[in-house]
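Just so you know, ligand 1 is whichever comes first in the structure, and atom 1 is the first atom listed for that ligand.
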Amino acid sequence: MYTWLQGVPCGKGSMPSVRHALCALGAVAGGAAAWHLHEELRASRRELRRLRAQAAEAKDVLAWAACQEGSPLEAINRIMEVNAELEAEMTRLRTSINRDSDKMEQLVAEGDAQAGKVGQLEMLLAYATAAFQTQRAQRAASSRQARAQRTQDGRLILALQDALMQADRERQDTEAYLDDLEAERQALYCSASADAAHIEEIQAQAAVAAERHAGQLADAARTREDAEAAARDANERAKKAEAAQALAERECAMAKELFTLALEQSAANLAAEAEVQADLADSRAAVVQQAAELAKLREENLGLQDMVGSKDEDIAVAEHAVRVERVAARRAQAKLDSWECYAHLLRGKVLAPDTMPLQFLPRAELAMGKVLGSGGYGEVVAAQHAELPPLAVKAVRVLPALGPGADANEVASYVYELECHAFEWRALGTEATLGALLRHDNLGQALAVVDEAGEGEGRVFSLAFAAVNNGTTLADLIATRRKERRTFSLDEIVHVLEQLSAALQHMHDRGWVHLDVKPGNVLVAGTVEGGRVPIQLIDLGLAVPLGAKGNRVALDFDRGTPGFRCPGLEANPDCVWEAADGFSAGRIARCLALCVQHTGGCGPQPAVDRYGPIFGLLLAALEEPDPELRKPLSNINQRLRFLKRALACPGFAAQCRSPPWDP
Ligand SMILES: Nc1ncnc2c1ncn2[C@@H]1O[C@H](COP(=O)(O)OP(=O)(O)OP(=O)(O)O)[C@@H](O)[C@H]1O
């Protein structure tokens with residue numbers, strides 16, 4: 001039974017037959033009690049056998065003792081007593097054995113019954129075992145599967161472990177390399193420290209030596225500095241001379257190539273012609289003078305009235321001849337002036353090192369277009385050139401010749417015209433010179449001199465500028481706004497002033513004053529929107545160079561346009577300074593603020609209060625009549641910045657920024 005019980009499987013797989021196994025356990029418990037009784041019975045029998053053997057042995061001992069000592073009767077009595085005791089004991093044992101045998105038989109019967117049940121239970125257990133084995137097989141299969149998965153994971157883990165080990169090895173290598181580097185750095189540091197110490201030592205020695213030779217060194221240094229300065233100076237001068245020479249050579253070659261012939265021959269011819277004409281005029285004048293004197297003498301001394309008329313006639317004829325000669329002389333002079341202006345242009349090109357020489361274009365290379373505008377000097381015409389942006393060509397008008405029957409008045413006005421003409425030529429020359437000198441986004445840019453290819457007296461030149469916005473000027477914009485009954489906003493006026501100020505500052509920085517700043521000379525150079533009015537200042541023909549000493553220079557006549565011309569110039573025409581342009585810019589601002597073309601002469605100006613007090617102060621600073629108190633442009637720029645800051649403030653009154661129309 002115990003062996004069987006030991007064979008009974010136990011664990012999870014046996015769970016379905018647990019109930020049967022528990023039933024079996026009851027049977028097993030009954031069997032165990034029978035077994036126990038059976039064992040006790042066997043032990044009692046063994047004890048009985050032992051007691052019998054003991055009794056037999058005691059009989060023998062008693063027999064032997066009876067033989068050896070005391071009376072046999074006593075011995076027998078004792079033996080009988082012992083025997084009786086043994087018998088009683090045996091009886092008791094027999095009774096107990098019998099009782100136990102009965103009980104055992106009963107228990108054996110119960111055990112057999114239980115054994116039958118156990119047989120059934122064994123069957124059940126066999127069934128449970130089979131089920132358990134099936135389940136165990138299934139479990140084994142799934143555990144094999146799990147083992148395979150584990151194997152795969154294990155491989156992965158092994159690979160990762162390998163990678164980790166590899167990384168660790170690399171880390172160790174890197175650490176070792178770093179250790180090497182550290183050791184190397186330490187070694188270098190030691191050697192550098194040693195070097196530094198050595199250097200310090202040397203420096204100390206050098207300092208001692210330097211101290212010792214300080215005087216000599218100072219002298220040597222001074223000498224060297226002087227020598228270096230002299231060398232630098234000489235070098236710079238040499239470079240400048242070389243550059244100037246190279247430039248001069250280039251320009252001279254070009255000038256020679258292009259103009260030597262025309263300039264020298266024509267100028268010489270014209271000069272000679274002018275001289276001849278002048279001499280002729282002078283001799284004729286002398287003749288006239290003599291004739292007049294003669295007539296006077298005759299009138300005084302002879303009193304011959306009838307002769308006088310004929311002499312007067314002679315004199316009138318002679319005088320007319322003189323006038324005609326004078327006109328011819330002036331005309332020759334005007335031509336000379338034009339050549340002179342051209343020579344001036346060339347001189348400007350050759351001498352100024354930072355100029356950009358203008359191109360010279362033959363007229364034949366230009367395709368002329370519509371008239372963009374006209375001024376006192378002539379017309380400005382649109383033109384196209386294959387390699388240049390759209391052009392605006394400004395030509396000096398050509399004077400017609402004086403008619404043969406011209407009277408004295410006509411001759412006089414023709415002479416005046418000729419003088420103006422010569423002046424116009426000079427102005428064009430100035431514009432060409434400044435075109436080569438100035439470059440600024442807010443200045444009209446001259447690009448080329450156009451050779452009109454005329455011959456003799458018809459030989460003229462014109463100047464080509466970069467064309468801007470069909471020639472619309474600030475004066476045109478004012479007219480448009482007036483028609484639309486729309487004021488300029490303060491942002492627009494400030495923007496115009498800013499650009500004007502920048503353009504003028506550029507001119508002043510290069511030593512020139514414009515002197516003819518007015519709305520008609522300011523081109524609107526793009527779309528007007530968002531408070532911005534892009535502009536370009538043009539017409540630099542009246543500009544004069546600032547004097548080398550301070551800002552003053554003598555003026556040969558009143559330049560500029562009344563209403564925009566700086567009053568200080570009228571009061572003191574010997575002095576011009578930069579603030580004269582600032583004044584004209586102020587007048588432009590006033591015109592924009594009032595939306596008018598001009599605000600009258602130099603007298604009291606109409607009040608401008610629609611743009612607030614800050615703008616009023618700016619105008620006052622710009623238009624200060626006292627030339628000594630008038631602020632320079634830098635100061636105006638400061639005020640403009642202040643006004644712009646005010647404009648950026650949200651609290652700045654909207655009406656100040658853009659006032660309603662108020663004619
Ligand atoms: N670069 C240009 N692009 C387009 N149009 C121009 C250009 N330069 C001048 N103009 C037009 O030609 C007109 C006359 O030009 P400018 O003022 O230079 O000539 P002017 O004879 O000197 O005039 P003023 O009599 O005012 O002195 C201008 O008002 C303008 O309409």
field: Amino acids contacting ligand 1, non-hydrogen cut-off under 4.0 Å
entry: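 Protein residues near ligand 1 are Leu372, Gly373, Ser374, Gly375, Gly376, Tyr377, Val380, Ala392, Lys394, Phe465, Ala466, Ala467, Val468, Gly471, Thr473, Lys518, Gly520, Asn521, Leu523, Ile538, Asp539.
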Looking at [X] and [Y], would you say the former's side chain and the latter's main chain have a donor-acceptor pair under 3.5 Å?
| X | Y | value |
| --- | --- | --- |
| Arg565 | Asp516 | no |
| Ser584 | Phe564 | yes |
| His440 | His506 | no |
| Asp581 | His514 | yes |

task: Count the heavy atoms belonging to other residues, nucleotides or ligands that lie under 6.0 Å from CZ of Arg532, then report whether that count exceeds 12.
output: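 Result for CZ/Arg532: open.
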- request: Say whether Glu379 and Ser374, considering side chains only, have a donor N or O and an acceptor N or O under 3.5 Å apart.
  value: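 Looking only at side-chain atoms, Ser374 and Glu379 do not form any donor-acceptor pair under 3.5 Å.
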